Amino acid sequence: MDSRWMAQALRLAELGLYGTSPNPRVGCVLVADGQCVGSGWHRRAGEPHAEVLALREAGDAARNATAYVTLEPCSHHGRTPPCADALIAAGIARVVVAVQDPNPAVAGAGIAKLRAAGIAVDIGLMEAGATELNRGFFARMSRGTPWLRSKIAISLDGRTALANGASKWITGAAARQDVQHWRARSCAVLTGIGTVLADDARLNVRDIGTERQPLRVVLDSRLRMPATARMLEEGNVLIYAAQRDPEKIASLEKAGATVHMLADERNQVDLPAMLRDLAQRGCNEVLLEAGRTLNGAMLRAGLVDELLLYVAPQLLGDSARGMAQLGELTALDQRIELKWQDVRQVGNDLRITVKVEHV
C-alpha cells in the first residue's frame, strides 16, 4: 500500500514538471484508514508547497493520517513557512519520504524535526523515481551546476547536417514536437552563436501548455549576436561574452538581452563558470541545442550529463557533419563512456537517452 500511495504522489509531482523551478517538483498524498483524504503538488515558486495543499484539502481528517511525500518536507522559512511544522501542527502520525532533500538548508533537518515531534518517518521508498524527477535540482544543490542535457537530431550514421549545413529537417514532425516538452521542463535553453547566425532560431516553447518560457542562453565570445535576431523579440535572453564591446553591449541590451562577461584564459567564454553562473540564477535543468563545435567543447570539458538523441532512419554519408567535434582519440581509454537509459520510437524516429559516465 505504501508503494501505491507514493506512486500517486510521484504522479502529482510530475504535474509541476514545467513550472516549479527553481524549486523542486513535489507531490504529497495524505491517507487515513486506507483512503486518500488529501493531496497536492507544488505548482510554482512562491506558492504553497505540496504538503500544505494536501493538508488544506484534508482538514481535520489529516489527524493521525500518513503523509506520502516525494521529497523531504522543508524545515526552514523561505518564501513559505516550513512544511515540517505544518505536518506536526496537523497531527500527522507517520510520514513516508521518497528521498532526502539535498538543499543544505534542509538536508535531513526536516526529517529530524518530524521525529523529534514523535512522528514516525520512513525514508527511501521509490527514491530513484523521485530523484530522477528532480535531477536538475539535485545537481544544482549537490555540485553547484545544473543538469546539462544535450539534444541532438542525427541520421542513423550519426550526422547532423550535410557538408553545406543543410539540416531541415532530419527528423520528423513528431520528434520536433517532442523536443518542445524538453524545452518546457528546462530552466534554460543553451546554444552557440554559430547556431543563431545559421538558423536565427527563437528556441522558445511552442504548442505546449506552459506559463513559463525558459531563459534563452547564447555563448557569443566576440559579441556577433545581431540586435535584430528573432530570439531577442521576446526578451528573456542571456548572452555570455568574452571580448568587451561597450557599443555592441548597449545595442544588445536595448534590444532586450542581458550581456554577461565571462572570459577564460583563451579569451573565450569560460564554460564551467558559465554553468555555475546559471546555477546561481536558479537554473536546475539546461537543454543544450547546438552544433558540433559547442557540443564537442562541452563533452570534452566533461560538462554534459545526458544526451537526448533523435535518430532518423536515413544515411547522410561521410562528408556530412558529425554530432560533436571531439578531436582524434589515440587510445580507447580517451573515449567518452555512456550509459543507456531509454530507447523509444517517436513518430518515424527513435529517441535515445544516454547518460554520460563521468570518471
Side-chain angles (χ1 to χ4, degrees), residues 13 16-26 42 44-46 49 71-72 74 76 78-80 99-109 130-151 182-192 203 205 210 212-221 235-242 257-265 268-290 294-295 297-308 355-359:
L17 196 64
Y18 299 158
T20 65
S21 61
N23 289 354
R25 300 141 182 161
V26 182
H42 184 46
R44 60 185 63 83
H49 289 186
L71 187 69
E72 176 185 1
C74 61
H76 65 295
R79 298 188 191 181
T80 57
V99 63
Q100 181 174 304
D101 193 331
N103 186 346
V106 184
T131 302
E132 189 62 36
L133 184 62
N134 286 301
R135 180 62 67 186
F137 179 76
F138 273 67
R140 181 167 68 88
M141 288 296 162
S142 63
R143 70 189 189 195
T145 57
W147 183 261
L148 183 64
R149 181 180 290 116
S150 179
K151 186 278 296 183
W182 293 96
R183 285 184 183 176
R185 69 176 287 168
S186 301
C187 302
V189 178
L190 172 66
T191 194
L203 293 183
V205 178
T210 177
R212 176 188 64 88
Q213 285 287 342
L215 174 70
R216 275 80 52 76
V217 182
V218 181
L219 302 189
D220 184 11
S221 293
N236 198 30
V237 174
L238 174 61
I239 300 172
Y240 286 104
T258 298
V259 180
H260 186 69
M261 305 303 297
L262 204 60
D264 62 13
E265 66 280 357
Q268 296 179 345
V269 173
D270 187 320
L271 299 180
M274 176 268 299
L275 289 180
R276 291 193 297 270
D277 186 70
L278 287 177
Q280 291 172 4
R281 295 172 188 268
C283 290
N284 293 329
E285 296 181 24
V286 174
L287 184 65
L288 175 62
E289 295 194 43
L294 184 53
N295 272 316
M298 298 296 273
L299 282 164
R300 291 195 307 272
L303 301 177
V304 178
D305 295 298
E306 189 173 80
L307 295 176
L308 185 65
K355 287 183 180 175
V356 180
E357 296 281 79
H358 296 297
V359 179

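These values consider heavy atoms only, across backbone and side chains, with no hydrogens, waters or symmetry-generated copies. What you see is a predicted model; the values in this text were computed from it and never measured.
At least one donor-acceptor pair closer than 3.5 Å links the side chain of T191 to the backbone N or O of E289. Of the possible donor and acceptor atoms, none in the side chain of D101 sits under 3.5 Å from a partner among the backbone N and O of L71. Judged by distance alone, the side chain of H358 and the main-chain N or O of L303 form no donor-acceptor pair under 3.5 Å. Looking only at distances, no side-chain donor or acceptor of N23 sits under 3.5 Å from a matching main-chain atom of R44. The backbone N or O of E72 lies less than 3.5 Å from no partner atom in the side chain of Q100, so there is not a single donor-acceptor pair.
Residues V259 and A241 come closest through the heavy atom pair CG1-CB, 4.4 Å. Between G282 and P22, the shortest heavy-atom contact is O-CB, 3.3 Å. In this structure, A188 and V217 approach most closely via the heavy-atom pair CB-CG2, 4.0 Å. Contact between Y240 and V269 at its shortest, heavy atoms only, is O-CG2, 3.4 Å. The two residues P146 and A139 come nearest to each other via the heavy atoms C-CB, 4.1 Å. Here the shortest heavy-atom pairing between S186 and L287 reads OG-CB, 3.5 Å.
L278 pairs with exactly one of T145, L148, L215 by the side chain to side chain contact (heavy atoms under 4.5 Å, CB included) rule, that one being L215. Residue V205 is tested with R183, R212, R185 for a side chain to side chain contact (heavy atoms under 4.5 Å, CB included); the sole match is R183.
To the nearest 0.5 Å, the span separating CG on L299 from OG on S150 amounts to 6.5 Å. From L262, atom CG reaches atom CZ of R276 across 8.0 Å, with rounding to the nearest 0.5 Å. In this structure, OG1 on T210 lies 9.5 Å from CG on L17, to the nearest 0.5 angstrom. Going from atom NZ of K151 over to atom CH2 of W182 covers 12.5 Å, rounded to the nearest 0.5 Å. K355 contributes atom NZ, which lies 4.5 Å from atom CH2 of W147 (distance to the nearest 0.5 angstrom). For the atom pair CD1 of I239 and CE of M261, the computed distance is 11.0 Å after rounding to the nearest 0.5 Å.
Partners of R25 according to the salt bridge (Lys or Arg N to Asp or Glu O under 4.0 Å) rule, which considers only residues two or more places apart in sequence or in another chain, are E285. Legend: residues meeting salt bridge (Lys or Arg N to Asp or Glu O under 4.0 Å) with R281, ordered by chain and number and at least two apart, are D277. Contacts of F137 classified as ring pair (Phe, Tyr, Trp, His ring centres under 6.0 Å), with partners at least two apart in sequence or in another chain: none.
H260 has its side chain within reach of L238: a pair of non-hydrogen atoms, C-beta onward, lies under 4.5 Å apart.
Under 3.5 Å, the side chains of N284 and S21 contain no donor-acceptor pair of N or O atoms.
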As a quick check of understanding, evaluate side-chain contact (heavy atoms from CB on, under 4.5 Å) for L271 and L219, giving each step before the final call.
CA-CA 9 Å; L271 299 180; L219 302 189; 3.5 Å; yes

